[in-house]
Every structure is written in structure tokens, then in C-alpha cells.
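Read through the structure below, which is laid out as C-alpha cells, and then see the notes.
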Amino acid sequence: MKKALSLVLAAVMAFSLVACGGSSSSTASAGSTGSASGSTTSNVTVQIGPNPESIDPALNSTIDGGNMLITAFEGLLIVDENNQVQPGQAESWEVSEDGLTWTFHLREGLKWSDGTDLDATDFVYTYKRVADPDTAAPYSQTAVGMIAGYDEAMNGNPDALQVEAPDANTFVVHLSYPCTYFDKLAAFATLSPVQQETIEANGDAWATSPETYISNGPYYMTEWTVGQQIVFSKNPYYKGGWDSDKIVTDTITFLLMEDSTAAYTAYTTGQAQLIKDVPTEEIPSLTKAEDGGEFYVDPVMGTYYLTMNDSIEPFNDVNVRKALSLAIDRDYIANTLMQGTYSPAYKLTGPGITDADGSAYMDKSSSEWIPEDYETAKTMAQEALAEAGYPNGEGFPTITYSTNDAGYHKALAEYLQQCYKEVLGINLEIEIVEWSSFTPMRRAGDYEMARNGWSFDYNDPSSMLELFMTGNANNDGQYSNPEFDAMMENTKIADKEQRFENLHAAEEIVMADYSMIPVAYYNDFWLQSPDLQGTWHSPYGYWYLQYAYIGEPAEDTGADRASVTSTAAESTASEAASSEAAESVASEAASSEAAESAVSAVSETASSEAAASDSASAA
């Protein structure tokens with residue numbers, strides 16, 4: 001099967017087109033974050049994805065939309081090039097001794113992009129809007145679920161959410177339980193402030209037009225040509241955590257392309273200086289950045305997985321889910337099908353996430369649910385299907401597998417089709433869905449089985465595990481297990497060590513249930529012109545463009561494109577340094593199989609991956 005599929009893959013690469021979380025210490029920097037020299041230009045053009053599903057901060061759940069949000073908005077806090085939380089719209093903050101009250105002190109003179117004043121009441125409105133069930137924010141539970149009054153807010157009384165503005169420059173959040181990573185949530189794009197008057201006057205349409213898309217970040221929208229581009233211009237009213245002296249480019253243009261060949265043409269002709277979607281057939285000829293080339297690979301803290309609609313037959317049978325999971329050869333998928341650019345995933349939470357003591361979280365997770373030996377896994381898969389009542393696939397209904405046609409998604413679908421037929425004796429039909437319709441369809445549960453994925457929004461296992469809680473808006477698989485929900489509730493405690501024990505226990509439940517099918521751990525791949533400076537790529541899958549410019553770096557920056565790549569493992573080490581665990585994390589994460597795979601992948605080949613467009617931040 002593998003040999004035959006390799007020939008199919010070669011044909012796919014030759015003829016097909018491809019279209020769900022970095023500086024020297026933590027994020028992949030493709031240049032210097034210093035100021036530009038006199039040779040800057042007035043526009044930077046990038047391609048990160050097609051038309052975004054939504055760029056309303058409360059409604060977005062994708063990486064491509066999120067990248068626009070971090071360019072146009074700024075929350076109470078920001079995440080810098082070292083992946084560290086820094087002051088944003090709030091210049092300082094403090095936490096009460098019991099960890100339940102967070103007080104943020106806003107900067108003086110904050111304004112919206114239309115020149116009107118922005119104050120603490122805007123954050124009160126924003127947080128309550130995310131908690132309002134009428135908003136239907138996918139990240140509602142994740143972003144504000146720990147705030148006191150959340151349950152009442154979700155029952156129709158958003159004013160019950162315990163956030164307040166004692167004065168114009170003070171915003172106070174009262175939590176129902178300690179949340180040690182709330183600072184990271186305060187920097188999360190979902191909680192970017194939005195202007196109440198504009199939303200009430202325009203409804204959901206406020207986020208679809210430059211005239212009404214009022215923001216507060218370094219850039220604001222000045223043009224949106226659907227299907228072509230969105231242009232953001234430098235915000236003259238901006239005041240916040242980013243250094244205004246380094247915001248030197250007049251406009252940033254996002255090309256809205258799903259066709260990777262078109263994106264590649266835009267890059268090779270000089271129209272775009274950075275493209276995320278690279279045609280797979282071009283990858284073998286590209287030179288990696290550290291060798292003086294323009295092709296970058298950087299690990300992302302996230303997992304490519306397959307979702308089964310657990311609420312319908314036959315996927316409501318754990319043995320069916322187990323069979324579908326164990327039948328696939330993850331090593332073959334990652335290292336042959338995906339050209340060695342991804343790492344095989346035998347667990348849900350992968351590299352880059354730290355445990356209570358700063359060590360690698362995944363090293364303490366059980367490996368018993370998915371054997372790395374494929375022959376063993378195949379036998380277990382066949383036994384599980386027989387246990388479900390379908391020996392050798394007899395009587396098993398045809399599965400419809402839904403995916404968008406980008407990156408390796410279609411090639412993976414074709415592998416699943418052949419693999420399931422050969423190993424399990426069951427049939428799979430492939431449904432290709434346009435990207436703009438794919439995530440809404442999946443979120444609505446209008447599918448049987450689909451490709452999925454998730455990039456972490458912050459360095460905590462809960463960012464991934466919360467997806468599988470009953471009622472979570474991003475629980476695309478409709479998975480529900482009261483035991484899992486109860487264990488996740490038990491993670492809402494101040495005792496850090498006990499909390500992580502409970503997180504591991506919760507993950508054991510979701511893995512034992514085979515609630516999803518982990519396939520591979522993410523990396524991001526992109527082409528970036530040597531002329532584009534000042535950007536960096538984060539382990540959450542975002543490209544930060546606030547300081548982007550085209551030109552030579554300033555003499556004192558020491559910018560060297562061949563030496564500024566980094567990994568998610570390094571980012572993890574940077575975060576852990578603040579908790580006195582950097583050495584442990586750096587050594588453990590750097591030795592992880594994902595870090596090794598990423599390094600070897602650069603020397604081989606890589607692919608574009610629109611799954612980072614899935615949520616985040618999803619896949």
C-alpha cells in the first residue's frame with residue numbers, strides 16, 4: 001500500500017495545487033526587530049490565508065483571521081518577540097494574594113482608530129460581549145469562563161460577569177477560581193476591545209467594512225476587496241505596548257489567496273514578501289533559510305488530528321473510534337506523505353507545552369493508547385473493529401470524510417481511503433469543502449469525519465483539553481464524557497502540582513475514549529524575502545508584522561537571516577525561564593522527537609499547511 005500511495009503522492013505533487021495554536025530566544029524571527037534604515041518602503045504585502053471566516057475578535061477562531069487581529073487590535077496585554085507577556089493597553093497590573101482579583105491600569109490617552117476615546121468601560125463591554133450567549137463566541141468558555149458570574153452570563157444575563165471599571169483607567173476582573181495564566185488570556189486576540197457604539201449601530205456587519213471596522217492597534221483597516229486583499233494602514237492614534245518608533249511601514253496588505261500557485265507567483269514576482277502557502281511541488285528545490293535561502297520552517301505548539309462526529313453512529317462506539325485511530329501509520333504520514341515536515345503524533349498534547357515543574361508536559365503523558373509500532377497498532381485496530389461488531393469491515397457503513405483542498409489535506413484523505421480499505425475492509429468517500437464553508441460546517445456538526453487541528457493559544461494543556469468539554473463551542477466532535485468534564489473542573493484549583501496531575505488524568509480519559517485521532521504535530525512553513533525585516537513568527541502560529549519593513553536592517557541590530565530561526569522548544573525555554581525552569585525545559589524540549597524532526601525537515605523538504613488556518617487557534 002505504501003509504495004502505491006507514494007506513486008499517487010508523487011503524481012499529486014506534480015499536478016495538483018495546494019492552497020484548525022521567534023527571535024533568538026523564543027520565536028522564529030525572519031529579520032531584526034530593530035528600526036529600519038533609510039531604505040524602507042511604504043508597504044509590506046503578505047499571504048497568510050484566504051478570505052477569513054470572521055475578523056470580529058469575539059467570533060474568530062482561525063490563525064489567518066487571528067493574524068489580522070493582532071495587527072489591528074491590542075488587548076490589555078501583548079506577547080512580545082520572546083513570547084513573554086508585556087504591557088499593552090494596560091501599562092501595569094497586579095493580582096490579589098488569593099489570585100482571584102486582577103486589576104489592570106490603562107495608559108492615559110488611549111484612543112480608537114477613529115480618534116475617539118477608549119477607556120476601561122470598553123473592556124467591560126468587550127468581556128461581557130464574549131460571555132453573552134447571543135454573541136456565540138467560540139472562545140467564550142476558554143477566554144472568560146473563569147470569571148465570576150460566567151454561568152449566569154451564559155444563561156442570558158451578561159451583566160452578571162464580574163468585570164468592572166471603577167474609573168476610566170482601571171479595569172478589574174474577579175475570578176471564580178485562581179487562573180495562573182490569566183495574563184496570557186488578557187493578551188489573547190478574542191479579548192481585544194471593540195467599540196460598543198459601532199457594533200450596536202451595525203450588528204455583525206461592523207467587521208466586514210473598512211468604514212466600520214474600528215480598532216485600536218498599530219494598524220487599522222482601510223481597504224477590503226473580498227477575494228483579493230485586505231489593507232491595513234498605520235494608525236495615527238495608536239498608543240500602547242508596541243514601540244511606535246519601530247512602526248515604520250505605512251500599509252500592510254494581506255493577499256487573500258487559497259491557491260498556493262497564485263501565492264507563489266505573487267512571491268516570485270515580488271508582489272508579496274511573505275507567503276504561507278507554498279506549492280508542495282516547489283518545496284524540494286527550495287533552500288532553507290539558515291543556508292542563505294528564503295524557506296523557513298518553525299514548530300508550532302499544536303496537533304493535526306481527525307475529528308469523528310461522536311454523536312452519531314457508528315462513531316458513538318469507542319471501538320470504532322479506536323479502530324479508525326490505530327489503523328493509520330503515523331510515521332508514514334509524517335515522514336513520507338508529508339515529506340518529513342511534520343512529526344508523528346501518538347498523543348494529543350505535543351511538544352512545547354510545559355508541566356508544573358517546567359519539564360516537557362508530553363513526557364509525562366501515557367503512551368499506551370497508540371502504539372508506535374505500526375504492526376501492533378494494526379492488529380489492535382482489527383480486533384477493535386471486530387469487537388464493535390464489524391469483523392473485517394463486514395456491515396460497516398461507508399464513511400464520508402470532509403476536508404478542504406489545501407496543503408497535504410487531500411493527499412491525507414486519499415491515504416485514509418486506501419488505508420482503511422486495506423487494513424479494516426471499510427470504504428471511505430472524500431468530500432472536498434471550500435475553506436470558507438469548512439470550519440462553520442465542522443463546528444455545526446454537519447459531517448461524519450473530518451480533518452481538524454488546533455494550535456495552542458497559550459502555554460497550558462488546558463488550551464487543547466478544553467476543546468473536548470461538553471458544550472465547548474470548539475468541540476467539533478460533539479464528544480461528551482461526564483468523567484472528563486469533572487476532571488477538567490478539578491483543574492480549576494490553585495495547587496499547581498495537583499492541577500497538572502488532574503490535567504494528565506483528564507487527557508488519559510480523552511485518549512482512552514479515542515475521542516479524536518492525533519495524526520501529526522504541527523510546523524509552519526513559509527517563504528520570506530530577505531528584504532522583509534522586523535517580523536517574527538510565534539510558536540502559536542502567528543506572524544507579527546507590527547515592526548515589519550522592507551530594507552536593510554539598522555547597523556546596530558546585527559540582523560543575520562541565517563541565524564535568526566528558532567523552535568517552539570526554545571520558546572518554551574524562554575517562558576520557563578521566568579519560572580526558574582529554563583534549563584530543564586530547553587534540554588527536554590530540544591531533545592523531543594518534534595524538535596529533531598523539525599531540524600531534519602528543514603534539510604529535507606517541507607510543505608505549506610493551511611491547517612494553521614484552522615483554529616488557534618485552530619487548525
Side-chain angles (χ1 to χ4, degrees), residues 33 35-36 40-46 48 52 55-58 60 64-81 86-91 106-123 125-126 168-169 186-199 201-202 206-225 229-254 273 532-536 542-550:
T33 56
S35 300
T40 60
T41 59
S42 60
N43 179 68
V44 165
T45 300
V46 301
I48 293 177
I55 50 174
D56 180 331
N60 174 72
D64 51 351
N67 223 106
M68 296 179 192
L69 294 181
I70 63 172
T71 304
F73 287 88
E74 181 170 298
L76 291 164
L77 307 177
I78 62 172
V79 179
D80 68 10
E81 63 269 29
Q86 300 291 350
Q89 295 289 275
E91 61 184 355
L106 274 58
R107 300 175 190 272
E108 296 282 349
L110 296 176
K111 292 186 180 296
W112 295 102
S113 57
D114 63 358
T116 58
D117 292 338
L118 183 158
D119 61 33
T121 61
D122 293 303
F123 283 96
Y125 169 74
T126 296
N169 292 322
F188 187 27
T190 296
L191 296 179
S192 300
V194 291
Q195 192 179 69
Q196 182 174 1
E197 295 81 359
T198 296
I199 293 175
N202 297 279
W206 81 274
T208 63
S209 169
E211 289 73 28
T212 55
Y213 197 66
I214 308 301
S215 62
N216 71 319
Y219 289 85
Y220 72 105
M221 188 193 295
T222 50
E223 178 190 334
W224 187 346
T225 305
Q229 64 183 27
I230 296 179
V231 180
F232 292 91
S233 298
K234 187 176 179 181
N235 181 4
Y237 298 107
Y238 172 70
K239 184 176 183 179
W242 301 111
D243 185 345
S244 294
D245 290 339
K246 295 181 180 179
I247 303 171
V248 296
T249 296
D250 291 333
T251 57
I252 296 176
T253 299
F254 288 84
Q273 292 80 50
L532 179 57
Q533 302 290 324
T535 70
W536 65 90
Y542 296 111
W543 282 266
Y544 281 80
L545 305 171
Q546 286 85 344
Y547 298 159
Y549 63 90
I550 297 176

How close do [X] and [Y] get, heavy atom to heavy atom, and via which atoms?
X    : Y    : value
P87  : I78  : O-CG1, 3.5 Å
I252 : L545 : CD1-O, 3.5 Å
G65  : P52  : CA-CB, 4.2 Å
Y125 : I199 : OH-CG2, 3.6 Å
A189 : S192 : O-OG, 2.8 Å
K111 : G115 : CD-O, 3.5 Å

Strictly distance-based, threshold 3.5 Å: is any side-chain N or O of [X] a donor or acceptor partner for the main-chain N or O of [Y]?
X    : Y    : answer
N60  : D56  : no
T212 : T208 : no
R107 : G88  : yes
Q229 : E223 : no
T126 : V194 : yes
N235 : G217 : yes
Y547 : V248 : no
S113 : I214 : no
S215 : A72  : yes

Going by heavy atoms in the side chains, are [X] and [Y] under 4.5 Å from each other?
X    : Y    : result
I230 : M221 : yes
W224 : S209 : no
N169 : E108 : yes
I247 : P218 : yes

- Message: Against T253, only a single residue in N43, V44, V46 fulfils side chain to side chain contact (heavy atoms under 4.5 Å, CB included); can you say which?
- Response: N43
- Task: Might you work through the side chain to side chain donor-acceptor pair (under 3.5 Å) test for T535 and Q533, ending with a clear yes or no?
- Result: CA-CA 6 Å; T535 70; Q533 302 290 324; over 6 Å; no
What distance do [X] atom [atom1] and [Y] atom [atom2] have between them, rounded to the nearest 0.5 Å?
X    : Y    : atom1 : atom2 : result
D80  : Q86  : CG    : CD    : 4.5 Å
T249 : I550 : OG1   : CD1   : 7.0 Å
S233 : Y220 : OG    : OH    : 5.0 Å
W206 : I55  : CH2   : CD1   : 8.0 Å
Y238 : L110 : OH    : CG    : 9.5 Å
T198 : D114 : OG1   : CG    : 6.5 Å

- Which of these, K239, E74, Q89, sits in a side-chain hydrogen bond (donor to acceptor under 3.5 Å, both in side chains) with N216? Q89
- Item | Intermediate values then yes/no, ring pair (Phe, Tyr, Trp, His ring centres under 6.0 Å), F73 and Y213 | CA-CA 11 Å; F73 287 88; Y213 197 66; 5.5 Å; yes
- Message: Could you check, using the six-membered ring where one of them is a Trp, whether F232 and F254 have ring centers closer than 6.0 angstrom?
- Response: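 Yes, ring centres under 6.0 Å apart.
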- Query: Do the charged groups of D250 and K234 touch, with an N to O distance under 4.0 Å?
  - Reply: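 Judged by the 4.0 Å cut-off on N to carboxylate O distance, D250 and K234 do not form a salt bridge.
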- Evaluate the criterion side chain to side chain contact (heavy atoms under 4.5 Å, CB included) for residue pair L191 and F123; output intermediate values, then yes/no. CA-CA 8 Å; L191 296 179; F123 283 96; over 6 Å; no
- Query: Run the side chain to side chain donor-acceptor pair (under 3.5 Å) check on Q195 and D122 step by step: do they pass?
  - Reply: CA-CA 7 Å; Q195 192 179 69; D122 293 303; over 6 Å; no
- Query: Going by the angle between their ring planes, with limits at 30° and 60°, are Y544 and W242 parallel, tilted or perpendicular?
  - Reply: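 If you compare the ring of Y544 with that of W242, the planes turn out tilted.
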